[in-house]
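Since this is a predicted model, take the numbers as computed values, not measurements. Naming convention: chains lettered A, B, ... in sequence-line order (proteins, then strands); numbering from 1 in each chain.
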Protein chains: 2
Amino acid sequence: MGASKTDLFTTEQNEIAAMAKALAHPARIAILQYLVEKNVCITSTLVEELGLAQATTSQHLKELKQAGIIQGSVEGASVCYCINPEVWKVYKSLFNNFFKEIDTTGQQCC
Amino acid sequence: MGASKTDLFTTEQNEIAAMAKALAHPARIAILQYLVEKNVCITSTLVEELGLAQATTSQHLKELKQAGIIQGSVEGASVCYCINPEVWKVYKSLFNNFFKEIDTTGQQCC
DNA sequence: AATTATCATCGTAATATTGCGATATAAGAA
DNA sequence: TTCTTATATCGCAATATTACGATGATAATT
């Protein structure tokens with residue numbers, strides 16, 4: 001198979017999973033951290049930064065862009081990427097919500 | 001390929017990515033939500049709940065257990081799973097940290 | 001106009017994930 | 001003991017992901 005049975009789950013569950021999937025690679029985490037740190041947008045200094053091939057880096061950027069968490073604008077010959085603040089907030093609040101209530105006082109069998 | 005080049009990235013980056021990977025499937029999100037809601041530990045009422053085959057459900061539980069976020073204890077013939085509160089907190093704080101500072105006032109090119 | 005630099009995309013190889021039926025294992029009931 | 005119930009694991013098929021070189025496309029430089 002290899003494909004998730006998305007129809008079995010709620011929209012929210014699928015959304016959270018999709019967001020998590022976008023973050024499920026160290027290179028993509030590294031890209032996001034870099035973009036947050038250098039507030040300024042980056043082209044592909046990232047290629048040098050990451051140590052991955054240009055094609056691979058481009059592919060990871062594409063995934064992040066498709067997830068909506070970053071956006072890119074053409075800047076002459078190069079492309080400038082940066083965090084999409086609104087989507088960033090959505091991610092933030094969704095994960096915050098997800099990890100919120102956990103009642104340790106309830107009975108546990110393990 | 002299909003395997004990530006983990007050696008290129010920091011331990012933190014690999015950790016966050018690994019955590020995100022554990023959450024990167026709607027069935028696993030559903031399992032965690034169910035375990036949080038029913039504070040009480042569950043065996044495989046989950047199989048009925050999820051609508052996936054028993055083998056598939058077991059596999060997802062295994063992944064969550066390997067990620068450390070849930071733990072299971074044998075309860076006679078059945079197994080009782082529940083959230084691991086400490087690891088849950090680690091996830092919570094790591095994601096919180098990751099999504100923390102974002103300076104929208106900085107100059108942006110997109 | 002020709003060359004170079006910066007990306008994106010295509011094609012391909014290696015590996016991982018998802019899903020399920022079938023089978024194994026262990027506990028409890030008949 | 002034999003049968004049932006509850007899980008885990010094996011083996012397979014379908015698909016997805018990761019990575020890279022090669023090739024395009026476009027903009028800037030010479």
Classify every nucleotide of nucleotides 23-30 of chain D by which part a protein heavy atom approaches to under 4.0 Å, writing B for the base, S for the sugar-phosphate alone and - for neither, in 5'-to-3' order. ----SS--
Base, sugar-phosphate, or nothing for A:A55, non-hydrogen atoms under 4.0 angstrom? base
Between B:I31 and B:L61, is any pair of side-chain heavy atoms under 4.5 Å apart? yes
B:V90 vs B:M19 side-chain heavy atoms within contact, under 4.5 Å: yes
So which nucleotide from C:dA8, C:dG19, D:dT18 ends up closest to the side chain of A:Y81? C:dA8
So, with a heavy-atom separation below 4.0 Å from DNA chain C, the residues of residues 45-53 of chain B are B:L52, B:A53
Taking C-beta and beyond as the side chain, do A:N97 and A:K100 meet within less than 4.5 Å on heavy atoms? yes
Choosing from C:dC20, D:dT7, C:dA8, which nucleotide comes nearest the side chain of B:V79? D:dT7
Can you check whether A:K62 has a side-chain N or O nearer than 4.0 Å to OP1 or OP2 of C:dC7? no
Strand-adjacent residues in residues 9-23 of chain A, judged by heavy atoms under 4.0 Å from DNA chain C: none
Taking the six-membered ring for Trp, are B:F95 and B:Y91 parallel (under 30°), tilted (30 to 60°) or perpendicular (over 60°)? tilted
Taking only the side-chain heavy atoms of A:A3 (C-beta and beyond), determine which of D:dT7, C:dC7, D:dT15 contains the nearest atom. D:dT15
Flag the pair B:K5 / A:T56 as yes when at least one side-chain heavy-atom distance between them is below 4.5 Å, and no otherwise. no
Is A:T56 touching bases, backbone alone, or none of the nucleic acid, heavy atoms closer than 4.0 Å? base
Among the nucleotides C:dT15, D:dA8, D:dT18, which one has an atom lying closest to any side-chain atom of A:H25? D:dT18
I'd like to check A:L32 versus B:F98 (side-chain heavy atoms, cut-off strictly below 4.5 Å). Are they in contact? yes
When the distance from CD of B:Q59 to C1' of D:dT9 is rounded to whole Å, what number comes out? 9 Å
Between A:F9 and B:L50, is any pair of side-chain heavy atoms under 4.5 Å apart? yes
Test item: B:E63 and B:H25 side chains (from C-beta on) under 4.5 Å apart, heavy atoms: no
Check whether any side-chain heavy atom of B:L52 sits under 4.5 Å from a side-chain heavy atom of B:H60, and report yes or no. yes
Do A:L23 and A:L94 belong to the same hydrophobic cluster, where Ile, Leu, Val, Met, Phe, Trp and Tyr are linked whenever their side-chain heavy atoms lie under 4.5 Å apart, directly or via other members? yes
Within the structure shown, what part of the strands sits under 4.0 Å from B:S58 by heavy-atom distance: base, sugar-phosphate, or nothing? base
